[in-house]
Amino acid sequence: MELDDFRYKGLRRRMTEQLRAAFHFNERVLEAMDRIPRHLFVDRGMEHLAYLDRPLAIAAGQTISRPFTVAMQTHLLDVKTWEKVLEIGTGCGYQTAVLAELGAKVYSIERQRALYDGAQRILAALQCQVMLFYGDGYAGKPVLGPFHKIIVTCGAPDIPLPLKAQLAVGGRMVIPVGEGEQTMTVVDRLTETDYRTSTHGAYSFVPMLEGINKGTI
Ligand code: SAH
């Protein structure tokens, strides 16, 4: 299977140039996005739309976040090589691949079976070393924590307490909070008991839901 070609590389370069012009993103983030073939994560027939700055529909009625949102969440997360990162909402696995490309040790949870299966397939084909889990991200992964960073890619009504508890001291969580529209929120764990939150603009995500969905659609 030909995974990438010069045409997609050209479109991808244009996408990262547009992102660079739109915001002062960390260059490492843009370089990682320049290396990940986003067109392989979208549904067959949608490849030509993969490098436009817009969200796209994926299986199970979910959406792949627009490139600007992926760049912003990754930028805010400030991932360092070898950090343990927990992601809630694997979706198609694109954000997961970007985090792994930055050298993070990534653990990602998805509640939709079809998306979990799809992400396993594409990330394995790209030889992306990540740990994917099918389950409810509300609880996080206490046995594997604490995590240096936690990223939530669905809109949470409020910040789940188990996720706060699994953040390492000195660690950071990036989570869109709110129903309907979300406020991008950064939670820094300063000490065992102190957290500091800051907000970073309005976004629109699919909702964070409790439990798992076993259906294939
Ligand atoms: N980063 C992904 C975003 C996908 S949309 C991408 O770019 O493809 C958000 C995802 O969060 C959806 O796939 C949805 O099924 C998942 N999700 C929602 N609530 C969840 C929960 N409680 N646990 C795990 N995943 C959840």
Side-chain angles (χ1 to χ4, degrees), residues 1 3-4 8 12 16 25-26 28-43 50 55-56 58-60 62-67 69-154 156 160 162-163 166-168 171-176 205-206 208 212-213:
M1 171 171 57
L3 291 181
D4 205 2
Y8 287 121
R12 196 149 70 236
T16 47
F25 291 114
N26 182 329
R28 283 184 69 234
V29 172
L30 297 181
E31 282 162 19
M33 290 178 71
D34 196 47
R35 286 193 294 268
I36 303 295
R38 190 171 192 266
H39 62 280
L40 299 177
F41 291 86
V42 305
D43 284 355
L56 293 172
I58 49 176
Q62 304 302 310
T63 51
I64 170 171
S65 301
R66 63 185 270 231
T69 305
V70 173
M72 184 58 83
Q73 286 204 277
T74 315
H75 172 84
L76 290 171
L77 204 62
D78 191 24
V79 176
K80 310 281 190 322
T81 308
W82 297 116
E83 279 186 337
K84 272 169 74 176
V85 178
L86 176 67
E87 177 186 44
I88 311 300
T90 317
C92 67
Y94 174 68
Q95 170 78 73
T96 322
V98 171
L99 294 169
E101 186 68 24
L102 285 165
K105 197 159 169 30
V106 187
Y107 305 84
S108 185
I109 310 176
E110 171 57 53
R111 67 179 288 283
Q112 295 274 1
R113 182 84 218 188
L115 292 173
Y116 163 80
D117 289 340
Q120 282 281 25
R121 233 180 349 259
I122 178 63
L123 292 169
L126 292 174
Q127 294 179 341
C128 191
Q129 307 282 335
V130 294
M131 291 269 279
L132 303 186
F133 301 92
Y134 167 53
D136 181 1
Y138 260 101
K141 273 283 160 211
V143 285
L144 295 172
F147 299 94
H148 302 108
K149 304 286 163 68
I150 298 178
I151 177 171
V152 179
T153 71
C154 38
L163 297 185
Q166 286 164 46
L167 205 53
R172 168 175 284 194
M173 168 159 41
V174 175
I175 177 169
F205 285 79
V206 296
M208 184 170 191
I212 53 170
N213 187 335

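In this chain, numbering begins with 1 at the start of the sequence shown.
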Any side-chain heavy-atom pair of [X] and [Y] under 4.5 Å:
| X | Y | answer |
| --- | --- | --- |
| F41 | I36 | yes |
| P67 | M33 | yes |
| C128 | V106 | no |
| I175 | I88 | no |
| C154 | Q62 | no |
| E87 | I151 | yes |
| V70 | R38 | no |
| P160 | M208 | yes |

Does R121, at its CZ atom, have more than 12 non-hydrogen atoms belonging to other residues, nucleotides or ligands within less than 6.0 Å?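 It does not: R121 CZ has 12 such atoms or fewer within range.
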Do the rings of F133 and Y107 sit parallel, tilted or perpendicular, given the 30° and 60° boundaries?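 Because their plane-to-plane angle is under 30°, the rings of F133 and Y107 count as parallel.
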Give the ring-plane orientation class for Y8 versus H39, where under 30° counts as parallel, over 60° as perpendicular and anything between as tilted. parallel
I would like to know whether L77 and L99 meet side-chain contact (heavy atoms from CB on, under 4.5 Å); could you show each step before the answer? CA-CA 10 Å; L77 204 62; L99 294 169; 3.8 Å; yes
Could you tell me whether a side-chain N or O of [X] sits under 3.5 Å from a main-chain N or O of [Y], the two making a donor and an acceptor?
| X | Y | value |
| --- | --- | --- |
| E110 | D117 | no |
| Q166 | A139 | yes |
| T153 | G89 | yes |

Could you tell me the separation between the CG atom of L40 and the CG atom of D4, rounded to the nearest 0.5 Å? 6.5 Å
Taking it one step at a time, do F147 and K105 satisfy side-chain contact (heavy atoms from CB on, under 4.5 Å)? CA-CA 10 Å; F147 299 94; K105 197 159 169 30; over 6 Å; no
Can you spot which of H148, K149, R172 makes a side chain to side chain donor-acceptor pair (under 3.5 Å) with E83?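 Per the side chain to side chain donor-acceptor pair (under 3.5 Å) rule, the option paired with E83 is K149, out of H148, K149, R172.
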Derivation of the side-chain contact (heavy atoms from CB on, under 4.5 Å) call for F25 and T74: CA-CA 9 Å; F25 291 114; T74 315; over 6 Å; no
Can you spot which of D43, I64, L115 makes a side-chain contact (heavy atoms from CB on, under 4.5 Å) with C92? I64
Does I109 form a side-chain contact (heavy atoms from CB on, under 4.5 Å) with K141? I'd like the steps, not just the answer. CA-CA 9 Å; I109 310 176; K141 273 283 160 211; 3.8 Å; yes
